[in-house]
Structure formats: structure tokens, C-alpha cells
Amino acid sequence: MASNSIKLLSGNSHPELAEKIAKQLGLRLSKIGVYQYSNKETSVTIGESIRDEDVYIIQTGTGQQEINDFLMELLILIHACKTASARRITAVIPNFPYARQDKKDKSRAPITAKLVANLLETAGCDHVITMDLHASQIQGFFHIPVDNLYAEPSVLNYIRTKTDFNNAILVSPDAGGAKRVASIADKLDLNFALIHKERQKANEVSRMVLVGDVKGKSCILVDDMADTCGTLVKACDTLFENGAKEVLAVVTHGIFSGSAKEKLYHSKISRMVCTNTLPIDLNLSICDQIDISPTLAEAIRRLHNGESVSYLFTHAQ
Amino acid sequence: MNNLMVFGGSSHPSLVNKICANLGIKPSQTKLGKFSNGETSISIGESVREKDVYVIQSGCGHVNDNFMELLILLNACKTASASRVTAVMPYFCYSRQPDIPYTAKGAPLISKPKDSYTFESSPGTPVSSVVTTQRPKSPAENAGSNLTVLENVRSPKLPVLEHPSPVKSLGNGELHKSPSQSRIPMVPERKENSSELGSLFNANNAGYKLWVAQAGTLIANLLTTAGADHVITMDLHDSQFQGFFDIPVDNLYCKPIAHNYIQYNIPEYKEAVIVSPDAGGAKRAASLADALEISFALIHKEKRSQLPKGPPDASLTSGGGATVSSKPLISNMSSLSLTSQEMKLSSSSSKYVQTTMLVGDVRNKTCIMVDDLVDTSYTITRAAKLLKDQGATKVYALITHGVFSGDALNRVAQSAIDKIIVTNTVPQEKTVKFLGKDRVHVLDVSSIFGESIRRIHNGESISMLFEHGW
């Protein structure tokens with residue numbers, strides 16, 4: 001790969017992931033300075049020429065206090081690269097911020113995911129790489145190409161190699177994720193069950209109903225994200241009530257906000273597996289991580305070389 | 001006022017209430033908050049269909065959070081079929097590029113809250129025996145002040161102020177998180193790190209001049225993208241900023257109320273001098289001086305590319321045209337003996353030297369400094385010292401937007417400024433509490449904003465507000 005025509009930039013949200021991606025690609029991260037002044041405005045300094053380069057900016061949506069800061073950082077970075085005459089700017093956003101605010105679920109509710117899509121385009125973004133969008137329809141909010149990668153191949157790999165999956169059953173903790181789980185179950189040739197939840201308010205879960213038989217089996221809960229973990233913990237309890245032997249949880253985006261850590265600590269979940277799309281500082285012994293940087297790195301490589309990305313949808317790197 | 005609705009963001013609720021009181025309406029109902037993962041959550045409590053909606057959000061506090069909140073509010077109103085959505089930003093964030101001391105290589109210098117400040121530029125503001133006549137300081141003194149700058153860079157432990165926020169600096173992809181208290185990004189704590197940062201700015205990419213990204217156009221475009229049809233703001237730092245927008249921007253002026261304040265509250269204002277603390281604000285200050293028919297002075301910041309090597313006796317004259325006697329030989333000697341040290345210093349810190357000089361006569365006069373924005377307060381505190389050194393009796397500072405970030409309030413408290421007059425485009429409760437009611441006067445701009453909203457809503461001209469205020 002011609003190293004003089006590709007530049008990797010990293011925001012402050014997840015430097016470890018950026019470092020890993022750079023290593024996979026055999027590149028070094030470009031020198032940039034992203035600062036926050038004491039008046040809380042963000043300032044970006046690009047330390048080297050990016051004229052006519054293919055620029056990839058890695059920034060994920062994370063941080064309970066800083067998620068908007070990181071988003072603004074990304075927008076300013078994109079804009080800075082645009083005004084610095086970059087040939088093409090690709091935003092690599094492993095966890096797309098505001099992905100759950102994707103519909104007008106009540107009167108006058110903001111569709112912030114659409115707004116973020118528009119903001120990215122306005123800033124000058126030419127391409128977006130993301131992973132496991134909460135709703136894949138978000139791709140339609142953009143007028144630019146969006147590559148929605150899947151963590152599924154990596155997750156499959158993990159389940160095959162690191163768990164005793166022969167006596168397992170895959171469980172979707174809500175109806176919305178049924179498709180995702182069914183596809184994994186198909187590939188592993190396992191059964192799958194579904195938990196239907198009645199949600200009244202965001203971040204709050206009420207009643208849960210299990211559809212399927214989990215008696216005596218080890219259950220693998222699969223979801224796209226774990227935020228406050230209310231759903232996961234309740235689903236776990238529901239599974240044990242129905243005679244499950246043990247419960248594992250595998251999620252793509254481990255946000256773990258609020259009291260997630262305590263909930264997990266007190267829960268009966270025996271293993272909590274998530275990918276490193278976001279930085280995670282849970283420090284719980286039950287936590288395990290799947291590294292998805294090879295997938296992102298390969299997507300960047302393929303995109304840069306104009307190769308097909310669809311291979312990555314089915315094959316882990 | 002049938003179709004008029006005013007929404008307030010969370011940045012400055014008291015201003016929102018005052019503006020609404022001026023309009024004789026109640027702020028419309030919103031629920032502003034955050035989801036547990038930190039994402040901003042808003043909900044609008046009333047129907048805005050076919051309404052004329054105004055969203056008030058100042059660019060203060062946690063700027064990015066407030067700005068995103070504004071964008072989401074605008075977007076929500078727009079998608080909820082409001083007929084027109086106007087963003088009211090009393091203080092427009094990102095309108096001014098940071099004015100911070102940078103070294104020649106672009107690495108920002110740091111400052112920390114101190115018990116006492118010198119308010120000297122580097123090198124110190126030259127003070128001569130002749131009124132209004134300036135000359136650069138001797139290199140010996142230059143070297144001294146450079147040394148203190150270096151000390152600042154190296155002093156590691158910085159006390160945390162009340163807003164600990166991560167300072168981000170990325171050199172080679174490495175993350176440094178440490179609390180910040182000044183608008184100036186900190187140089188990483190450990191020595192190895194500072195060389196790392198140095199490598200970012202030092203860079204072996206010779207020939208590439210570092211530049212800081214200008215967020216101005218981006219902010220304008222983002223507002224338009226979110227659905228703003230109209231923007232109302234006050235005292236934009238650059239009036240050219242209006243041109244970044246494709247939608248109408250009404251830039252209000254605080255000049256009329258400032259004018260009013262000076263006339264009625266500053267004793268013998270006819271004898272006072274309006275001072276612009278930097279050349280950029282000269283036009284603004286001059287127009288106020290014209291309106292009040294009083295004299296005007298200007299402080300000029302000069303950046304020299306190199307430390308003066310020879311005897312710096314080139315004198316600048318103004319007013320009386322008096323000249324400074326050439327420097328005594330002994331000073332030359334000391335400057336020569338220091339040259340080697342200087343050169344070493346300039347390789348690691350700054351090749352540029354900043355001096356400030358005053359154009360105009362302020363001796364035995366009351367000075368009123370006029371500026372649009374005070375953030376770190378470097379400029380005005382230095383200017384105040386210069387004015388006092390030049391014999392000003394009293395120094396007022398008349399500021400539109402008092403952001404006062406980092407240790408600014410501390411600096412102002414210890415500066416030669418006798419009184420600060422500031423508007424409430426940014427919440428000033430903290431300023432008043434810190435500096436005391438005697439040293440701070442807050443001008444209320446809500447009536448101007450209220451009236452402009454009324455006029456824009458009714459399709460009347462607002463140019464009358466520019467001249468007469470309200």
C-alpha cells in the first residue's frame with residue numbers, strides 16, 4: 001500500500017483503538033493536536049500536510065461527559081482536513097453517537113441520528129465507516145456512502161473458540177435484536193430464544209417474557225449494545241428463572257453508563273464480552289474483550305485500495 | 001405575538017426569562033437533559049406547528065454540550081413543522097480564534113493561577129521616562145522574561161480549579177489527560193512527554209507551517225444544517241462572520257447601552273479616554289469615542305520576529321515627538337554577555353517577542369478600555385497595567401462578552417482594572433461574586449434582544465436598535 005497517500009488521524013475518544021488500527025495497517029498516526037481551551041472550545045492543529053491525501057479520522061462516540069466534545073472534535077477535524085485540501089475524508093466511527101435517537105418516537109422528538117449524519121456531511125465528510133449501527137436504516141440518513149461493518153464474524157469466532165457452545169442457546173434480550181441473533185444462531189447451528197420486554201421509558205425496563213426453552217442450557221445473550229445494563233441483567237434473571245445453567249452476554253458496544261458496573265457486579269452473568277469499539281474501564285473479572293481493530297483496519301485498507309468491503313461482513317480478520 | 005415562541009437552552013436560563021419578560025410571554029416548555037450515556041436529550045412540551053420559534057442559547061459554559069443542545073433543539077423544532085426557526089446566540093461561540101501565547105514553533109505556552117501576576121508581556125511593556133514614547137526593552141530583560149516563561153512550561157503540578165476537564169493533546173497518538181484551568185492547552189507533565197509534544201510541533205516535516213483549524217465557517221454551516229433560518233447575535237468578534245452564513249444574521253450592538261452607561265455613570269466622562277486594548281478592536285472603540293465626542297487611544301501589540309541584537313535604541317515617538325536618549329553603554333555590555341544564553345533559549349522556546357505600546361495620551365486621565373470579549377484576560381490586564389504605568393488615574397474595562405475562563409477572574413482581581421462593566425450575554429453571577437459588586441457592573445442586554453425578537457417577528461426594521469438601543 002502506498003503509504004504516502006493515506007493518513008490516519010485519531011481524535012481523543014479512543015487512542016488505543018487508533019493505535020491498534022495503525023499498527024495493523026503498518027502506518028503511524030499523523031501528528032495532530034486536539035486541545036480544549038479553558039473556555040471549553042475545541043481547537044485542532046494539524047501537524048503535517050494532508051494535501052491530496054486519503055484521510056481516515058478515527059473517533060468513536062463515548063464518554064458520559066464528553067460525548068458532545070468528541071463529536072465536535074470530529075466535526076472540526078473533518079472540516080480542518082477539508083480546508084487543508086484532503087482528497088477524501090473518511091470518518092471511522094466504530095460506535096455511532098446518538099444512534100438510538102433515530103425516530104420520532106413521540107411528538108416533536110428530535111431525530112438526532114439524522115442531525116448527526118447531516119452535521120458530518122456539512123463538515124465535509126466523504127465516507128463513513130461504522131460498526132453495528134443500532135438501526136441499519138441510519139445508513140439512509142446519509143447522502144454519502146456508509147459502510148456498516150459487522151462485529152458478527154468476530155463474535156462468531158469468539159463463541160467458537162472461547163466458549164463451550166455445543167450445549168448453548170442464543171438469546172436475544174429484545175425483539176429488535178432478534179434478526180441479529182437469529183443470524184448468529186444459524187451460523188453456529190444452534191437454537192435461539194427471545195425475550196420480549198415491555199419498555200415504558202428510555203433506560204428503564206419493566207416486564208420480561210421469555211419465548212423458547214432454555215432449561216439446563218448455557219445461554220449466550222447477544223445484543224448490539226450494553227448501556228445501563230438494565231436489560232441484560234433483567235434478561236439474565238429471567239433466564240435463570242426459566243432454568244438456565246449459566247448466562248453469558250456478548251455485546252458489540254459496551255457503553256456501561258450509570259450504575260452498569262454495580263449492576264453487572266451483583267448480577268449472575270458469568271461472563272460479559274464486548275468489543276473495543278469504545279474504551280472500557282470496568283475492571284470486572286467477568287469482562288472479556290474482542291479486538292475488532294483488524295476488521296476496521298482491513299476495511300480502511302480495502303476502501304483505500306478500492307476493493308470490495310463485503311468480504312468483511314462474513315469473515316473475521 | 002400569537003405565533004411567537006421562545007425556547008431557552010440550558011446555558012443561560014436567567015437571560016431567557018428576562019427576554020421573555022420583556023416580550024410579555026412565558027418561555028415555552030422544554031425538557032433538557034442527558035441520557036445516562038451522556039447523549040443530550042431534549043423534548044419539546046408544546047406544539048410548534050406553523051409557529052415562529054426563537055431558541056436562545058449562549059456559547060458559554062460547556063460550549064460543545066450547549067452547542068449540540070442548540071442544534072438538536074433547532075432540528076427538533078424544524079422537524080416539528082415550525083414555520084421559522086431562529087437561533088439567538090447572545091455570545092457566539094467559536095467566533096474568535098484563541099489568542100494565546102504560542103511559541104514560535106506553535107507549541108502553546110501554559111499558565112497557572114498565581115498569587116501575583118506581573119501582567120507584563122514578554123518582554124515587559126516598555127516604560128519610558130517620556131510620556132507616550134516607547135522603546136523596546138533591553139535584551140537583558142528580554143532574556144529574563146523568557147526564563148520565566150520556560151519555568152512555566154516546566155513546572156509540572158498544576159492545581160485543579162473547579163472545572164477539571166481533560167486537556168487533550170495528541171502527539172503520536174498518545175493520550176494525556178490532565179486537568180486544565182486555562183484556555184491554554186497544557187504541555188504534558190513529564191519531561192519525556194514535553195519532548196514528545198515538541199516533536200509534534202518541532203516536527204521533522206520541515207517546511208510545513210502549523211496552522212490551527214478555523215472553526216468559524218463550520219459553526220455557521222452546522223447551524224444552517226440543523227435548520228436555523230435566522231441568527232441573532234451580539235457584537236460578533238469579526239463582522240465578516242456574517243458572511244459565513246447563507247441565512248440572515250442580525251448582529252446587534254451593545255454600543256448604545258455602553259454609551260448610555262458611560263454618560264450617566266462615569267464621572268466627568270468628557271475628560272476620559274476610550275482605549276482599545278488591541279488594534280483589532282480599534283474601530284469599535286473609535287466609534288464609541290466618536291459618539292461620546294471624547295478622545296481615543298490605542299494599545300498596539302507588536303510581535304518581533306527576533307530578539308533585538310544591537311542596542312535597541314530605535315525610539316518610537318508619538319504625540320510630543322520626544323525622543324529617548326540612547327542607551328548607556330553598560331547595558332549594551334550586558335546584552336552582549338547574554339547573547340549566547342538568549343540564543344539557547346530561543347531555540348527551545350520563542351523566537352518571537354511580543355511588546356505592547358500605547359498610542360495616545362492618557363496621563364492623569366480616566367481610561368475606558370473597550371473590547372468585545374474577555375476570555376483569558378491577558379490582553380486587558382496587560383493593557384490596564386500599561387495604562388496605569390503611563391499615568392492613567394482610573395481604568396475601566398467595558399466588555400460585551402465576559403467569558404472569564406481559566407484563571408481570568410484571578411488575574412482581573414489582581415490587575416490594575418478599577419471597574420469592569422460587562423453585559424449578561426454570558427452568566428455573570430460568578431464574576432460579581434468573585435470581584436465584588438463594587439468592581440463589576442452588569443449591563444442587561446435582555447431588552448435589546450427582546451425588542452429585536454419582537455421586531456423580527458413583526459417584520460419591522462431593527463436598524464434603529466443599532467443606534468439607539470432600547
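Here the structure is a predicted model, which means the values were calculated and not measured. Naming: A, B, ... by sequence-line order, numbering from 1 per chain.
- Across A:Q65, A:Q101, A:E121, the residue that shares the most heavy-atom pairs under 4.5 angstrom with chain B is A:Q101.
- With chain A as the partner, the residue from B:V403, B:L73, B:L71 showing the most heavy-atom pairs under 4.5 Å is B:L71.
- When each of A:L119, A:I67, A:N118, A:L75 is checked for heavy-atom pairs under 4.5 Å with chain B, A:L119 comes out on top.
- Applying the ring pair (Phe, Tyr, Trp, His ring centres under 6.0 Å) criterion to A:F96, with sequence neighbours excluded, gives A:F142.
- In this structure, no portion of B:F404 lies under 4.5 Å from any heavy atom of chain A.
- In this structure, CG in B:D65 is found 6.0 Å from CG in A:D69, a value given to the nearest 0.5 Å.
- Heavy atoms closer than 4.5 Å to chain B are found in both the backbone and the side chain of A:T42.
- Using a 4.5 Å cut-off between heavy atoms, A:K106 contacts chain B through its side chain alone, with no backbone atom that close.
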Derivation of the side-chain hydrogen bond (donor to acceptor under 3.5 Å, both in side chains) call for B:N221 and A:H79: CA-CA 11 Å; B:N221 290 341; A:H79 183 71; 5.5 Å; no
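- The environment of CG in A:D105 is crowded: more than 12 heavy-atom neighbours from other residues, nucleotides or ligands sit within 6.0 Å.
- With a threshold of 4.5 angstrom between heavy atoms, A:A123 approaches chain B through its backbone and through its side chain.
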field: Worked verdict on B:M68 versus A:L71 for side chain to side chain contact (heavy atoms under 4.5 Å, CB included)
entry: CA-CA 9 Å; B:M68 275 307 293; A:L71 182 56; 3.5 Å; yes
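- A donor and an acceptor atom, one from each side chain of B:N64 and A:N68, are nowhere located under 3.5 Å apart.
- The environment of CZ in B:R49 is sparse: at most 12 heavy-atom neighbours from other residues, nucleotides or ligands sit within 6.0 Å.
- To the nearest 0.5 Å, atom CD1 of residue B:I44 and atom OG of residue A:S107 are 11.0 Å apart.
- For the pair B:S43 (side chain) and A:A109 (backbone), a donor-acceptor distance under 3.5 Å is absent.
- Neither the backbone nor the side chain of B:E69 comes within less than 4.5 Å of any heavy atom in chain A.
- Contact tally against chain B (heavy-atom pairs below 4.5 Å) for A:V116, A:I78, A:I76: the top residue is A:I76.
- Of the possible donor and acceptor atoms, none in the side chain of A:R108 sits under 3.5 Å from a partner among the backbone N and O of B:C77.
- For B:I219, the part sitting under 4.5 Å from any heavy atom of chain A is the side chain, from C-beta outward, and nothing else.
- In terms of heavy atoms, A:D227 sits closest to B:S36 at OD1-OG, 3.6 Å.
- For B:K78, no part lies under 4.5 angstrom from a heavy atom of chain A.
- Considering OG1 of A:T112 and CD1 of B:I72, their distance stands at 4.5 Å, rounded to 0.5 Å.
- Rounding to the nearest 0.5 Å places NZ of A:K40 at 8.5 Å from OG of B:S405.
- With hydrogens and angles disregarded, a donor-acceptor distance shorter than 3.5 Å links the side chain of A:E41 to the backbone of B:Y94.
- Expressed to the nearest 0.5 Å, how far CZ of A:R100 lies from CD of B:E39 amounts to 6.0 Å.
- Options B:T217, B:L218, B:I42 differ in how many heavy-atom pairs under 4.5 Å they form with chain A, and the most are formed by B:L218.
- Looking at B:S47, both its backbone and its side chain come within 4.5 Å of chain A, counting heavy atoms on both sides.
- Listed here is the closest heavy atom pair of B:G406 and A:S38: N-OG, 3.4 Å.
- Formation of a donor-acceptor pair under 3.5 Å by the A:Y98 side chain with backbone atoms of B:T40 is found in this model.
- No more than 12 heavy-atom neighbours from other residues, nucleotides or ligands sit within 6.0 angstrom of CD on B:Q29.
- Without hydrogens or angle criteria, A:K104 side chain to B:T79 main chain gives a donor-acceptor distance under 3.5 Å.
- Only the side chain of B:N75 comes within less than 4.5 Å of a heavy atom of chain A; its backbone N, CA, C and O stay farther away.
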